[in-house]
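Data first, discussion second: the structure below is written as structure tokens.
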Amino acid sequence: MDNLNLTTLQKGQTMVNDAAMDAFAAGFRGSLLTNKDMDYNDARAIWNAMIDRRPGLIARCAGAADVMRAVRFARDNNLLVSVRGGGHGIAGNAVCEGGVVIDLSAMKSVRVDAQTRRARIEPGATLGDVDKETMAFGLVLPTGINSTTGIAGLTLGGGFGWLTRKFGLTLDNLLSVDVVTADGELVKASETEKPDLFWALRGGGGNFGVVTSFEFKLNPLKEEVFAGLVVHPFADAEKVLREYRQALEAAPDELTCWVVMRQAPPLPFLPAEWHGKEIVVLAMCYCGDIAAGEKAAARLRGIGKPIADVVGPVPFTGWQQAFDPLLTPGARNYWKSQDFASLSDAAIDVLLKAVGKLPGPECEIFIGHVGGAAGRVPTEATAFPQRSSHFVMNVHARWRETGMDASCIGWARELFEATKPHAVGTAYINFMPEDETDRVETAYGANYHRLAEIKLRYDPNNLFRMNQNVKPMAAVRAA
């Protein structure tokens with residue numbers, strides 16, 4: 001801890017004195033890292049390699065008491081603060097420049113109560129951590145599609161994936177949270193305790209505090225689901241997408257099918273001559289009886305003449321990791337997204353033209369299939385606004401060399417602009433990059449005003465601003 005006396009923390013010209021640093025360190029149970037520590041560079045690295053920030057202090061918290069101390073320390077010393085869970089967010093807001101990172105990644109406990117079908121989960125847990133514990137009891141929490149994603153950011157922003165249509169968004173399954181607010185106090189929020197704060201946390205991101213524990217309801221799920229990939233040549237893309245859209249009109253809630261358009265990676269089940277060529281992939285999952293799943297997916301699997309069909313009974317935990325190899329850390333990433341009420345012919349035409357201009361072998365467009373149970377929740381029930389969206393487009397630009405920055409980012413932005421006339425105007429904040437701060441109010445739609453009012457009550461000085469920021473109502477009015 002001696003190196004903390006070097007007082008590397010700063011915000012502008014404000015320095016933290018040695019006495020304040022020493023007092024903070026003396027009562028901290030976790031570990032504190034500065035740029036003098038060997039682990040510092042690893043600790044500040046996150047999933048998106050475009051983000052290269054150097055915080056003054058990384059406070060690796062061991063529990064809620066550490067989080068409370070870290071929040072008070074940052075507040076009292078007027079320091080910029082960011083909060084890290086899994087570190088997977090595209091915007092990179094888990095790490096700040098020159099301030100304090102409240103690092104929750106060591107807080108990974110997942111405790112399941114099989115009798116009540118509830119789980120208590122700490123904010124450093126990943127989706128893989130959650131799945132392993134819940135599925136051991138034949139229970140599941142609907143989350144995302146990448147096992148290395150952090151549960152905290154996913155939940156606070158929404159959370160959708162293979163089970164959303166059956167069991168709702170991740171935040172729809174949230175029962176309560178323990179959260180450290182901007183005044184450094186630990187409070188509980190639920191439907192009956194601080195219900196305004198609980199409403200805001202379900203979709204409002206990290207704007208309202210640091211969650212130290214989530215309580216979720218769990219849902220029954222057998223070990224195996226009917227899932228897999230059907231791969232088509234891109235030459236058939238228009239036919240595939242139009243028939244895909246039609247097939248989903250009568251899809252049961254148990255069935256979800258996403259579209260991925262990209263250059264084919266060297267998957268073992270694809271003939272070598274297709275590697276590196278543009279393809280259209282239907283990724284489907286039926287979370288119910290296997291025989292019923294085979295019947296429900298038949299129309300989707302019957303589209304066109306696929307290159308490969310590898311759909312069948314698979315362990316759900318394995319299916320949750322199927323896309324992990326395409327989303328490993330260390331690459332440069334930039335996303336743009338749109339919500340669609342329907343996948344119109346005009347929107348399909350725009351998407352197909354964009355795939356013809358892919359700027360790199362790891363760039364892709366995916367269409368998430370949502371609706372179902374998540375779409376039957378009233379818009380005003382939670383801060384999460386886009387309940388009417390049936391499809392979510394994510395333009396995923398991904399590359400390795402800095403020299404490709406302009407072409408990859410430009411491609412994503414061009415497609416985003418071209419799809420605007422066909423979208424509903426809302427946005428999934430977890431898919432928004434750091435340069436979309438001007439889109440936050442539109443993203444929340446009619447819910448933004450209430451969010452700004454709650455922000456004023458719980459964080460009037462906007463301490464928690466390293467996020468897709470909702471400004472306190474006073475600031476909104478001044479603007």
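- Taking the centre of each ring, W258 and H369 stay at or above the 6.0 Å mark.
- Between the side chains of N462 and K455, a donor-acceptor pair is found at a separation under 3.5 Å.
- For the residue pair R120 / S213, a side-chain donor-acceptor distance below 3.5 Å is found, with atom types taken as modelled.
- Between W399 and N333, the side chains place no donor N or O within less than 3.5 Å of an acceptor N or O (distance only, hydrogens not considered).
- Note that CZ of F160 is 5.5 Å distant from OH of Y428, once rounded to the nearest 0.5 Å.
- With hydrogens and angles left out, the side-chain atoms of D324 and S147 include a donor and acceptor closer than 3.5 Å.
- Taking the ring centroids of W411 and W335, they lie at or beyond the 6.0 Å cut-off.
- N207 CG to I429 CD1: the interatomic distance, rounded to the nearest 0.5 Å, is 7.5 Å.
- In this structure, M466 and N93 approach most closely via the heavy-atom pair O-CB, 3.3 Å.
- No salt bridge links R299 with E243; every basic N to acidic carboxylate O contact stays at or beyond 4.0 Å.
- Under 3.5 Å, the side chains of D196 and Y458 contain a donor-acceptor pair of N or O atoms.
- Under 3.5 Å, the side chains of Q386 and T426 contain no donor-acceptor pair of N or O atoms.
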